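Numbers here simply count residues along the sequence, with the first being 1. Just so it is clear, the model here is predicted, and its values are computed rather than measured.
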Amino acid sequence: MAEPLDPYDAHLTTAEMVILEMEAKDKADATTQLAERLYAAGRISDLDGFLKNVNAREHQLATGLPGGIGLPHARSEFVSQTSIAVGIAKYGHALDFGAADGPATVILLIATPASSFSDHLEVLATLARSLSKESFRESLRRAYDAEVIAELINSSLVFFDH
């Protein structure tokens with residue numbers, strides 16, 4: 001059974017789930033690299049099964065947001081707890097996630113248990129709101145420290161005004 005999401009104890013990501021200077025050949029490669037971090041952290045039980053869920057979601061609608069953000073996501077039976085893996089693209093390695101304003105340099109892979117529909121929507125909405133702020137996006141890009149990036153992501157959900 002999936003753990004319920006407590007926004008005041010949101011350990012959605014850790015430094016181990018952050019990739020700095022990420023080099024990926026395309027969005028599928030980036031998603032795979034991030035999913036491997038979730039798998040290594042014990043957040044997903046079946047890497048291939050989860051990636052099929054993410055790819056199916058990607059084919060429905062582009063997950064690029066304005067400001068250089070890629071937000072691939074999926075609810076999946078292979079996810080044990082809501083989690084976010086973060087990739088900060090190496091300079092010159094931006095990836096096309098279908099945003100109208102161009103490629104992504106910050107990629108956040110959101111993994112939510114299949115049964116957690118409301119948590120999935122809450123995390124997506126909260127992150128999208130934080131990511132709409134230029135200052136938040138720049139903080140992620142300029143951090144150069146996986147611990148700091150994890151804390152920025154986690155605190156964006158803790159301090160969200162429900």
Side-chain angles (χ1 to χ4, degrees), residues 10-41 43-44 46-76 78-79 82-112 119-160:
H11 296 287
L12 297 177
T13 193
T14 64
E16 294 75 33
M17 291 187 270
V18 175
I19 302 174
L20 300 172
E21 299 285 309
M22 184 167 78
E23 294 182 51
K25 61 182 182 279
D26 55 29
K27 69 180 180 179
D29 183 28
T31 302
T32 298
Q33 289 182 44
L34 293 170
E36 286 170 346
R37 295 293 179 108
L38 294 175
Y39 183 74
R43 303 287 184 108
I44 58 176
D46 181 330
L47 181 61
D48 291 333
F50 175 69
L51 284 169
K52 285 179 185 163
N53 295 143
V54 174
N55 291 332
R57 172 63 192 83
E58 279 291 314
H59 287 296
Q60 291 174 356
L61 189 66
T63 56
L65 295 179
I69 304 297
L71 203 61
H73 57 276
R75 288 186 308 122
S76 172
F78 305 114
V79 178
T82 300
S83 304
I84 302 170
V86 183
I88 307 298
K90 184 173 181 174
Y91 184 78
H93 289 267
L95 300 159
D96 182 12
F97 275 84
D101 69 338
T105 55
V106 176
I107 298 93
L108 297 101
L109 174 60
I110 303 172
T112 314
D119 287 351
H120 186 73
L121 291 178
E122 182 175 358
V123 169
L124 272 174
T126 304
L127 269 177
R129 206 163 316 173
S130 294
L131 291 164
S132 70
K133 297 178 179 78
E134 176 66 26
S135 59
F136 185 74
R137 295 191 308 266
E138 281 306 305
S139 293
L140 291 173
R141 286 187 187 102
R142 294 173 190 258
Y144 299 111
D145 182 308
E147 286 285 344
V148 171
I149 291 169
E151 187 56 36
L152 284 166
I153 296 297
N154 291 329
S155 65
S156 75
L157 288 147
V158 172
F159 298 115
F160 173 60

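Annotation: side chain of L152 is in contact with side chain of F136 (closest heavy-atom distance under 4.5 Å). Within the 4.5 Å cutoff, the side chain of R137 has no heavy atoms near those of the L65 side chain.
A distance of 11.0 Å separates CE in M17 from CG in L34, rounded to the nearest 0.5 Å. The CG atom of N53 lies 11.0 Å from the OG1 atom of T112; values are rounded to the nearest 0.5 Å. Here the straight-line distance linking atom CE of M22 with atom CD of Q33 works out to 5.5 Å at 0.5 Å rounding. Residue E151 holds its CD atom at 11.5 Å from OG1 of T14, rounded to the nearest 0.5 Å. Note that CD of Q60 is 9.5 Å distant from CD of E58, once rounded to the nearest 0.5 Å. Atom OG1 of T31 sits about 7.5 Å away from atom CG of L51, to the nearest 0.5 Å.
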Apply side-chain contact (heavy atoms from CB on, under 4.5 Å) to residues L108 and L131 and explain how you reach the verdict.
CA-CA 10 Å; L108 297 101; L131 291 164; 3.9 Å; yes
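Residue E138 places its CD atom among more than 12 non-hydrogen atoms of other residues, nucleotides or ligands, all under 6.0 Å distant. No more than 12 heavy atoms of other residues, nucleotides or ligands lie within 6.0 Å of CZ in R142, so this atom counts as exposed by the packing criterion. Within 6.0 Å of CZ in F78 there are more than 12 heavy atoms belonging to other residues, nucleotides or ligands.
A143 and I149 make their closest contact through CB-CG1, 3.5 Å (heavy atoms, listed as atom of the first residue, atom of the second, distance). Taking both residues in full, the closest heavy atoms of A35 and I44 are given as O-CD1, 3.5 Å, listed atom of the first, atom of the second, then distance. Residues G68 and D101 come closest through the heavy atom pair N-OD2, 4.2 Å. Listed here is the closest heavy atom pair of L12 and N154: N-OD1, 2.9 Å. Nearest heavy atoms, S156 versus L127: OG-CD2, 3.8 Å. Taking both residues in full, the closest heavy atoms of E147 and A15 are given as OE2-CB, 3.4 Å, listed atom of the first, atom of the second, then distance.
Listed by chain and residue number, nothing satisfies the side chain to side chain donor-acceptor pair (under 3.5 Å) test with R75 (two or more places apart in sequence, or in another chain).
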Identify every side-chain donor-acceptor pair in residues 85-98 under 3.5 Å, counting partners at least two apart or on other chains, and give the distances.
unit_1	atom_1	unit_2	atom_2	d
K90	NZ	E23	OE2	3.3
D96	OD1	G98	N	2.8

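In terms of modelled atom types and a separation under 3.5 Å, the side chain of T13 and the main chain of I84 share a donor-acceptor contact. For R37 (side chain) and E16 (main-chain N/O), a donor-acceptor pair under 3.5 Å exists by modelled atom type. Within the 3.5 Å criterion, the main-chain N or O of R129 finds a donor-acceptor partner in the side chain of S132.
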